[in-house]
Amino acid sequence: MIIKPDKLKLFRKTKWRLASWYISGISLVLAIIGFGVYEAIIHAHRITVEKELKTVAGTLHDNFEIILDTPGKLSDDVKQFFPNLCLVDSSCPSLDNISNYRIGTIDNGQYYLQIFDLSHHLIAYSRNYPKGLSQKKQPDKKIIITDNQGIRYLQQSHLLHTNTGENWGYLQVSRSLKDFDNYLKMVVLILLLGLPLAIILIGISAWILTGIAMKPIAKSYHQIQQFTADAAHELRTPLAATLATIESTLMISSLTENELRNTLETLRKQTKRLSSLVSDLLILSRLDCPLNTISTTSIKKEKICLNDLISDLVKEVANFAISSEIILIPDIRVSYPLEIIGNTEQIYRLLFNLVVNGIQYTPTGGQVTIILKQHNNFALIQVQDTGIGIDNKELPYIFERFYRVDKARSRVRGGSGLGLSIAKALVLAHHGTIQVNSVVDKGSLFMVKLPIGRNFRS
Ligand code: ADP
């Protein structure tokens with residue numbers, strides 16, 4: 001199949017457009033999913049970190065309150081229980097004097113502690129407290145603050161009471177979000193690298209898939225174009241002949257009655273040819289459309305007795321066979337009426353095309369036989385002739401529209417190359433099959449198989 005460059009351009013453009021829409025759609029969905037995953041990770045981590053901070057701060061708060069007595073004053077007990085606390089008015093104790101197990105949570109590098117009196121003055125802080133982080137008492141709710149290096153901290157304050165229930169001061173616990181932020185950075189990096197990679201892969205597969213999807217469209221586009229060009233060409237021939245006849249007649253000043261009759265006879269032939277061509281095209285276009293009248297209830301579906309139909313057909317074409325000096329033999333091999341469900345007119349047309357072809361393509365003295373038999377649930381109708389036959393390399397194409405093995409010969413015989421394509425379309429509309437066997441100079445055998453008692457396309 002050759003498609004011209006301008007059509008190629010049209011299909012390439014459409015392919016591009018389809019692929020781009022596909023890529024944009026999928027990319028948008030991926031971006032939304034990526035964003036959703038990112039947000040879900042942030043949310044899950046934040047909840048975990050907040051819970052952790054709440055637990056640590058709560059435990060420290062409870063431990064402190066047991067040993068606090070005078071508001072704003074740290075007792076020796078506190079200094080003993082939390083040896084790694086640095087007091088504002090004295091230097092931090094040396095770690096050498098403190099056993100490892102007593103350093104505990106507040107010096108493990110993630111949690112930082114500050115103790116304020118009731119007037120928000122800093123009294124003590126944990127040894128590991130980051131240098132660049134604000135030392136101020138923050139509001140009593142969870143907040144996120146940033147140190148001078150850009151590291152984020154989640155901070156929470158608790159009011160402390162003495163062991164007698166008096167207000168003592170405040171405990172402020174901070175937790176570094178550095179590990180959390182680093183993890184998020186990794187997630188962002190993976191998403192940013194993964195998304196374009198996924199889009200590239202989607203783009204490649206979209207291009208391939210659109211190409212596959214476009215193939216049948218391109219094929220049927222080509223077929224429609226070919227069909228239109230062939231139809232126009234076929235219609236032009238009788239129209240040109242009609243025009244030529246009219247023009248040449250008009251040039252003659254006075255016509256005898258005989259000349260007038262001859263002219264009208266020529267015009268009648270051309271018009272007949274034109275009209276049969278138009279009705280063939282109409283049949284084909286109706287059969288092409290699954291929702292049109294052919295397949296719906298407006299077309300009569302009935303029981304067709306093939307025995308009767310064949311004998312009617314033989315009667316109708318008998319004269320044509322006699323004038324062509326062809327012996328026409330009906331060979332009914334069933335002793336009962338063989339019935340199918342379908343449209344009588346269409347089945348008649350199908351067999352008519354095959355039989356007329358058989359007569360037309362069989363030289364004088366030859367024979368055309370119409371055989372009717374049953375095979376399982378199918379009626380088999382065979383049209384066998386002893387004619388010119390069809391070359392093996394032509395066989396795959398003879399059911400194509402406007403295809404003629406010998407164009408000149410076929411046209412002289414009045415053929416348009418639509419007979420077999422109509423026959424095939426009618427067989428398919430009745431859920432049947434059509435096959436052909438042929439040997440050049442020996443003859444052809446057309447075999448039609450139609451289901452018995454089955455409704456046609458509905
Ligand atoms: P046409 O109107 O030309 O007969 P058809 O579609 O009926 O068109 O047939 C297509 C071509 O198949 C014909 O041009 C002819 O060459 C070939 N053909 C059809 N029937 C026969 C046959 N019985 N014997 C030999 N050739 C045939």
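Position 1 is the first residue of the sequence, and the numbers go up from there. Just so it is clear, the model here is predicted, and its values are computed rather than measured. Atoms within a ligand are numbered from 1 in the order they appear, just like the ligands themselves.
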Tell me which part of Ile390 gets within contact of ligand 1: side chain, backbone, both or neither, using heavy atoms under 4.0 Å.
-> side chain
Gly387 touching ligand 1 at heavy-atom level, < 4.0 angstrom | no
Under 4.0 Å from any heavy atom of Leu418, which atoms of ligand 1 are there?
-> 6 (O), 8 (O)
Do Thr362 and Ile388 touch side chain to side chain, with heavy atoms closer than 4.5 Å?
-> no
Mind checking whether His45 and Phe180 have parallel, tilted or perpendicular rings, split at 30° and 60°?
-> parallel
Charged N to carboxylate O below 4.0 Å: is that the case for Asp230 and Arg401?
-> no
A student checking ligand 1 against Gly389 at a 4.0 Å heavy-atom cut-off should list atoms 25 (C)
Can an N or O of Asp385 be found at a distance shorter than 3.5 Å from an N or O of ligand 1?
-> yes
State the atoms of ligand 1, each with its element, that fall below the 4.0 Å cut-off from a heavy-atom position in Ile398.
-> 10 (C), 12 (O)
Would you please classify the geometry between the Tyr348 ring and the Phe352 ring as parallel, tilted or perpendicular, with 30° and 60° separating the classes?
-> parallel
Answer yes or no for Phe446: is there a heavy-atom contact with ligand 1 below 4.0 Å?
-> yes
When the ring centroid of Tyr112 is compared with that of Tyr125, is the distance short of 6.0 Å?
-> no
The atoms of ligand 1 lying under 4.0 Å from a heavy atom of Gly417, numbered in the order shown, are 1 (P), 2 (O), 3 (O), 6 (O), 8 (O)
Which atoms from ligand 1 have a heavy atom of Arg404 less than 4.0 Å away?
-> 3 (O), 14 (O)
Check each atom of ligand 1 against the heavy atoms of Tyr403 and keep those under 4.0 Å away; list them by number with element.
-> 10 (C), 11 (C)
Basic-acidic side-chain contact under 4.0 Å: Asp280, Arg349 | yes
Test salt bridge (charged side-chain N to carboxylate O under 4.0 Å, His left out) applied to Glu50 and Arg46, step by step | CA-CA 6 Å; Glu50 280 180 5; Arg46 181 141 188 185; 3.0 Å; yes
Is ligand 1 under 4.0 Å from a heavy atom in the side chain of Asn353, in the backbone, in both, or in neither?
-> neither
Within a reach of under 6.0 Å around NZ of Lys15, are more than 12 heavy atoms found that belong to other residues, nucleotides or ligands?
-> yes
N/O separation below 3.5 Å, Asn357 to ligand 1 | yes
